[in-house]
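Protein chains get the first letters and strands the later ones, always in sequence-line order, with residue 1 at the start of each. Not measured: the values here are computed from a predicted model.
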2 protein chains.
Amino acid sequence: MELSATAKVILGMLAMGPRSGYEIKSFADHSTRYFWTASYGQIYPELRRLADAGLIEGTDEPTGARQRTVYRLTKAGRHELGKWHELPPEVFEYRDEWMLKLFFAGAVDPERAAEIARGRAELSRVTADELREVESRAEGNDPASYTVLRFGIDFNEFIADWFERQAAALGEGVPLEKLEKRAERV
Amino acid sequence: MELSATAKVILGMLAMGPRSGYEIKSFADHSTRYFWTASYGQIYPELRRLADAGLIEGTDEPTGARQRTVYRLTKAGRHELGKWHELPPEVFEYRDEWMLKLFFAGAVDPERAAEIARGRAELSRVTADELREVESRAEGNDPASYTVLRFGIDFNEFIADWFERQAAALGEGVPLEKLEKRAERV
DNA sequence: TTCGCCATGTAATGTGTTACATGATTGT
DNA sequence: ACAATCATGTAACACATTACATGGCGAA
């Protein structure tokens, strides 16, 4: 059975414990979203498909009159998740508009190159800060998921440092002190 | 005017010089594909749309009886490209199945974590080698596009080194970072 | 003559986001 | 009473890949 992108994240999260669709989404927004997103428009229909296929099962657990369905893995679901997990990963997608603009800068507007590099550095600096926030709130992480988080932090810091150096090298009319201040923040 | 993802790469490449759809595709396959892909199914329809909108114009330049249409930017196209280039970049997408599997390894199969980390390292090592190949064939790169290439190499090497270290640590059941922090505290 | 490359294009299918729509509960 | 959050779901639209389909050219 072929699992959709959203099925993979749903099954994985249910392996960590029973959850509602809403909880899957909000957990994803604080964890996997940096490398694997999921939207309601995908989650709810997929939850239904997975239940129809017998990989998960939902039980009604309302809060007062507020409807709520909590899903958990079935034996078949756990088996399917295990089969997927054993397979060599295949999906790797990276699309970065900063890189595209920088790539064309020479033919479009060479003066802009350093500015783009600085912007890219800043983006990764902000992302690293967000991830450090996630890290400070995380409790009892197992080694593997902590590794993923740590990778996010280190790799974004690497990118930020790298492009700050390049922005200086690509040389433009930004006062040096501004670059230096940014470098000090590391 | 809103440019589609494919319009951006087409316009940028035509700014470097006139090209056929086929040439745009093969150039993209050797340059932007690492951060911005384009397929024939998008390129040819988009070429028609851009020509209809007056941003590019095509002239018939067949090779013998083999049909061939070479496109170049119009004044309006160059203007539109410039407007896009000035805007702060917005698209950043990163989807990595290795990270997803590693993230769930604790709940699915902890023994597999080190293996996934090693696989991820290997993937980036191979990509870095491919990019070094591209670098050796590249001639007369302008500083900005060379920066993009160099970034690809350095960042993939960083990832490969990082995950090789982690694979060793995960093999022992503890991520490196945690060991280091523990050592610092003592 | 066959293979690899040049060259253009369409159709089916899949994937995913965004906006919309509805309504309950909790804390201030 | 209001805002934030909990909670579920659909419809329209956009985007992209893959497979398919066609055919010429040049070299071994």
Side-chain angles (χ1 to χ4, degrees), chain A residues 1-10 13-14 18-30 32-52 56 58-71 90-97 100, chain B residues 1-10 13-14 18-30 32-52 56 58-71 90-97 100:
Chain A
M1 187 188 190
E2 273 303 297
L3 301 178
S4 72
T6 305
K8 291 167 188 175
V9 74
I10 289 175
M13 285 191 172
L14 295 185
R19 278 165 172 73
S20 67
Y22 183 85
E23 287 166 337
I24 289 170
K25 167 67 171 159
S26 67
F27 185 33
D29 283 347
H30 294 93
T32 66
R33 90 166 153 99
Y34 295 95
F35 53 87
W36 203 273
T37 59
S39 61
Y40 288 127
Q42 294 287 105
I43 289 170
Y44 286 111
E46 189 64 37
L47 245 13
R48 177 145 306 174
R49 279 190 290 271
L50 290 170
D52 289 348
I56 63 177
T59 52
D60 267 23
E61 298 184 21
T63 317
R66 190 206 276 154
Q67 132 178 240
R68 180 157 174 270
T69 308
V70 173
Y71 294 90
E90 286 178 352
V91 179
F92 176 79
E93 289 159 29
Y94 168 56
R95 173 167 282 202
D96 189 335
E97 198 173 11
L100 193 68
Chain B
M1 186 190 188
E2 272 304 297
L3 300 178
S4 71
T6 304
K8 291 166 188 175
V9 73
I10 289 174
M13 286 192 171
L14 295 185
R19 278 166 172 73
S20 67
Y22 183 85
E23 287 166 336
I24 288 169
K25 167 66 172 160
S26 67
F27 185 34
D29 283 347
H30 294 93
T32 66
R33 88 163 155 104
Y34 295 95
F35 53 88
W36 202 272
T37 59
S39 61
Y40 287 128
Q42 293 287 107
I43 290 170
Y44 287 111
E46 189 63 39
L47 245 14
R48 176 144 310 173
R49 279 191 290 270
L50 291 170
D52 289 348
I56 63 177
T59 54
D60 268 21
E61 298 184 22
T63 318
R66 190 205 278 153
Q67 130 179 241
R68 180 158 175 270
T69 309
V70 172
Y71 295 89
E90 287 178 350
V91 179
F92 176 80
E93 289 158 28
Y94 167 57
R95 174 167 281 202
D96 188 336
E97 197 173 11
L100 193 68

### Query
How far apart are the closest heavy atoms of B:Leu47 and B:Ile56, and which atoms are they?
O-CD1, 3.5 Å

### Message
Heavy atoms from C-beta onward define the side chain here; which of D:dA16, C:dT15, C:dG9 lies closest to that of A:Arg95?
### Response
D:dA16

### Task
Please report the shortest heavy-atom distance between B:Val70 and B:Pro18, naming the atom on each side.
CG1-CB, 3.6 Å

## Note on the structure
Minimal heavy-atom distance between A:Pro45 and A:Tyr40, with the atoms involved, is CD-O, 3.7 Å

### Query
Is B:Gly21 touching bases, backbone alone, or none of the nucleic acid, heavy atoms closer than 4.0 Å?
sugar-phosphate

### Query
Are any of B:Thr37's side-chain N or O atoms less than 4.0 Å away from OP1 or OP2 of D:dT17?
yes

### Task
Whole angstrom is fine here: how far is it from CD in A:Glu46 over to P in C:dT15?
9 Å

### Query
Looking at B:Leu14 and B:Tyr71, what are the two nearest heavy atoms and their distance?
CD2-O, 3.5 Å

### Task
Provide the closest heavy-atom pair for B:Met13 versus B:Ile24 in the form atom of the first, atom of the second, distance.
SD-O, 3.8 Å

### Task
Check whether any side-chain nitrogen or oxygen of A:Ser26 sits under 4.0 Å from OP1 or OP2 of D:dC6, and answer yes or no.
no

### Task
Rounded off to whole Å, could you give me the CZ-to-C1' distance for the B:Arg33 and D:dA16 pair?
17 Å

### Message
Mind checking if B:Ser20 touches a base, just sugar-phosphate, or nothing, with heavy atoms under 4.0 Å?
### Response
sugar-phosphate

#### Entry: Atom pair distance, as rounded to whole Å: CZ in A:Arg49 and P in D:dG9
13 Å

### Query
Rounded to whole angstroms, how far apart are CG on A:Leu47 and P on D:dA7?
14 Å

### Query
Of the residues in residues 60-69 of chain A, which ones touch DNA chain D at a heavy-atom distance under 4.0 Å?
A:Thr63, A:Arg66, A:Gln67, A:Arg68, A:Thr69

### Query
Are the side chain of A:Glu97 and the backbone of B:Glu90 linked by a donor-acceptor contact shorter than 3.5 Å?
yes

### Summary
Angle separating the five-pair end axes of the helix from C:dT1-D:dA28 to C:dT28-D:dA1, nearest 10°, is 30°

